[in-house]
Amino acid sequence: MTLLCVPLVGRTVEEMKIDAAAAAAAGGDLVEIRLDYIEGFRPREDLPRLLHSCPLPVLVTYRPNWEGGRYDGDDATRFETLCLAMELGVDYVDIELKVADKFVDFLSGNKPDKCKLIVSSHNYESTPSCEELANLVARIQEVGADIVKVATTATDIVDVSRMFQVMVHCQVPMIGLVMSERGLMSRVLSPKFGGYLTFGILDATKTSASGQPTLEELLDIYNIRCIGPDTKVLGLIANPVKQSKSPILHNKCLQSVGYNAVYLPLLADDLARFLDTYSSPDFSGFSCSLPFKVDAVHCCHEHDAVAKSIGAINTIVRKSDGKLVGYNTDYIGAISAIEDGIGGLGSKDAAMSPLSGRLIVVVGAGGAAKAIAYGAKKKGARVVVANRTYEKAVTLANAVGGQALRLADLENFRPEEGTILANATSLGMYPNVDGTPVPKKALRFYDVVFDAVYAPKVTRLLREAKEHGVKVVSGVEMFVRQAMGQFEHFTGGIEAPESLMREIAAQYT
């Protein structure tokens, strides 16, 4: 089982002891005491105090500044401190590969049997090739490591795949981690690829390396204790992706139905390269968001009729034969939310959509805008497309038989009575919550304003529309409805737990 290690980076011994207790209470398996973080550290006085009554097994690290740490003294003093830690009964000691042979000589065979020696190598700039990583692992083994640790940096999410390949073939216990937000997958999927341990911080202020998730996230969101070799990998491919609540929503729902999968935020730069790299059947399904919804059409081997007509995909499923099938659940999610928002204001004919005959102004020309414009047209609405890049507005408007406007034109645009405004851009999305696509004074001319942005739940656009007395529809409705469709595609037809999805969405948006 992959161990959950909590790094302790307090400035004082007392702070470290408090954090060690918190790590135990939160479900950690061991703590890493970073001695180089302690101000005015005195080995003979402080080490016994740190280790006395520590509630968890201890890994001691005294990282020098030349390997990304904070210790700027000589190696002899550092080696003496690590030996003292061994004498005091710690479970693990970490030493850097560059000086590992010297440290082993310094020990002179006096390492306690209880203590495991972790020999580590850190690359803060990139992730080398598989061949270079394998050679590095071999070098670490040769110096007498009980556990190999290799930490690299992801400049692209595909870099993580090389670490996974080396980990699964390593013949000794290995810690393989890829730093930065693009490397998050390496930390969460350590149990799937045989990692000896992974790090989870207590909170965002107590990080010891870039890209570390919190212990709470690993346990409560990613359910890391249940991840194993057979776990399917799902996720949201987007850029940016950090703000998304989809991992919380999907993971909680997957857990509720007992489906063996984990859903990750996947910060990618090139969709095709990501899909080509992670081509294993275990990487079985993905949500696609900005800016990849249109690119996804060209990456899929097959498309459902709706996705093909829209020309945008927000859901990709990998079949057992390796083929990628694209779907669009944004369409039904957005349109049904808007229809319910309009309510009985549309046609009196129950068989007709309340959108029928109405004018809808769609802001944006990307994947979400295409889904809304196509869906509205199919329901009998007349469509106006407004976009910052006018040429893109024209292309989409022509595709649905509508009219094109420049985004700036909406300030003075006077829509007919009963018109709906639908924002399908990221303007107003966290963290840029002050953004809005349409000036407040222009909103009073609309009957209904819909915003596809769901974080925050009440965007500036919706807030200013409500101040004019206009009916508003939150993007949370679209978020939940499109997620229900995705869930059923990902799980092979298991019905999405709608009430749980709504409960989670209400809690986290």
Side-chain angles (χ1 to χ4, degrees), residues 2 67-68 96-97 120-140 148-170 174-201 207-213 217-218 222 224 227 229 231-242 244 247 262-289 291-292 295-296 299 316 318 324:
T2 299
E67 188 84 353
E96 301 76 27
L97 175 61
S120 60
S121 173
H122 298 77
N123 184 327
Y124 293 97
E125 295 181 357
S126 64
T127 299
S129 68
C130 284
E131 182 179 1
E132 291 172 302
L133 286 174
N135 290 337
L136 179 60
V137 169
R139 286 171 52 206
I140 293 175
V148 170
K149 179 185 176 185
V150 177
T152 64
T153 301
T155 58
D156 191 300
I157 194 170
V158 302
D159 295 347
V160 181
S161 67
R162 301 196 286 279
M163 185 66 77
F164 287 156
Q165 290 179 54
V166 172
M167 287 174 68
V168 296
H169 292 104
C170 188
M174 180 176 175
I175 304 165
L177 300 170
V178 185
M179 296 177 284
S180 86
E181 186 184 354
R182 288 170 172 80
L184 174 67
M185 181 164 51
S186 72
R187 300 180 181 278
V188 179
L189 296 182
S190 278
K192 181 174 177 64
F193 294 96
Y196 186 81
L197 64 77
T198 191
F199 292 90
I201 57 178
T207 182
S208 62
S210 65
Q212 291 174 328
E217 288 169 342
L218 289 174
Y222 301 116
I224 195 168
I227 295 176
T231 300
K232 298 291 186 183
V233 181
L234 308 169
L236 171 63
I237 307 172
N239 192 337
V241 73
K242 188 183 294 185
S244 176
V262 61
Y263 185 103
L264 304 172
L266 303 167
L267 177 61
D269 299 287
D270 185 291
L271 178 63
R273 186 163 62 237
F274 175 91
L275 294 171
D276 287 344
T277 300
Y278 298 100
S279 57
S280 160
D282 278 1
F283 287 79
S284 60
F286 307 102
S287 309
C288 285
S289 192
F292 300 122
D295 293 346
C299 294
I316 298 175
R318 178 172 277 116
L324 299 172

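Only this structure's heavy atoms are used, side chains among them; waters, hydrogens and symmetry mates stay out.
- L136 has its side chain out of reach of V166: every pair of non-hydrogen atoms, C-beta onward, lies at least 4.5 Å apart.
- Of the possible donor and acceptor atoms, none in the side chain of R182 sits under 3.5 Å from a partner among the backbone N and O of D269.
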Should M185 and M163 be marked as a side chain to side chain contact (heavy atoms under 4.5 Å, CB included) after you check the CA-CA gap, both sets of side-chain angles, and the distance that decides it? CA-CA 11 Å; M185 181 164 51; M163 185 66 77; over 6 Å; no

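- In this structure, the ring of F292 has its center no less than 6.0 angstrom from the ring center of F274.
- Annotation: the span from T198 atom OG1 to Y222 atom OH amounts to 11.5 Å, rounded to 0.5 Å.
- Looking at heavy atoms from C-beta onward, P128 lies in side-chain contact with T152 at the 4.5 angstrom threshold.
- Between P229 and D282, the closest heavy-atom pair is O-OD2, 3.6 Å.
- The CD1 atom of I157 sits 12.0 Å away from atom CG of D270, with the distance rounded to the nearest 0.5 Å.
- Looking at every heavy atom in both residues, R187 comes nearest to A209 through NH2-CB, 4.1 Å.
- Rounding to the nearest 0.5 angstrom, the gap separating the CG atom in L184 from the CG atom in L264 is 6.5 Å.
- Under a 3.5 Å cut-off, the side chain of N239 and the backbone N or O of L267 do not form any donor-acceptor pair.
- The nearest pair of heavy atoms linking T231 to I227 is OG1-CA, 3.4 Å.
- The closest side-chain heavy-atom distance from E132 to N135 is not below 4.5 Å.
- Separation of atoms CD1 (I316) and SG (C288) is listed at 3.5 Å; rounding is to 0.5 Å.
- Note: Q212 CD to L177 CG = 8.5 Å, rounded to the nearest 0.5 Å.
- Partner of S287 under the side chain to side chain contact (heavy atoms under 4.5 Å, CB included) criterion, chosen from L234, L236, I237: L236.
- Taking the side chain as every heavy atom from C-beta outward, V262 and K192 never approach each other to under 4.5 Å.
- Judged purely by distance below 3.5 Å, without hydrogens or angles, the side chains of T127 and N123 never pair a donor atom with an acceptor atom.
- Nearest heavy-atom pair, S120 versus H122, reported as atom, atom and distance to 0.1 Å: OG-CE1, 3.5 Å.
- Contact between C299 and L275 at its shortest, heavy atoms only, is CB-CD1, 3.7 Å.
- Contact of the K149 side chain with the E96 side chain is not registered, since no non-hydrogen atoms from C-beta on lie closer than 4.5 Å.
- Using cut-offs of 30° and 60° for the angle between ring planes, the Y278 and F164 rings count as perpendicular.
- For the pair S289 and A238, the tightest heavy-atom approach, listed with the atom from each and the gap, is CB-CB, 3.9 Å.
- Looking only at side-chain heavy atoms (C-beta outward), M179 and T153 come within less than 4.5 Å of each other.
- For the pair D159 (side chain) and D156 (backbone), a donor-acceptor distance under 3.5 Å is present.
- Counting only heavy atoms from C-beta outward, the side chains of P265 and S244 never approach each other to under 4.5 Å.
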List the steps, then state whether side chain to side chain contact (heavy atoms under 4.5 Å, CB included) holds for E181 with V241. CA-CA 10 Å; E181 186 184 354; V241 73; 3.8 Å; yes

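- Taking CZ from R162 and OG from S186, the interatomic distance works out to 12.5 Å, rounded to the nearest 0.5 Å.
- Side-chain atoms of S210 and Y124 include no donor-acceptor pair closer than 3.5 Å.
- Contact of the R318 side chain with the S280 side chain is not registered, since no non-hydrogen atoms from C-beta on lie closer than 4.5 Å.
- Looking only at distances, a side-chain donor or acceptor of T2 sits under 3.5 Å from a matching main-chain atom of G195.
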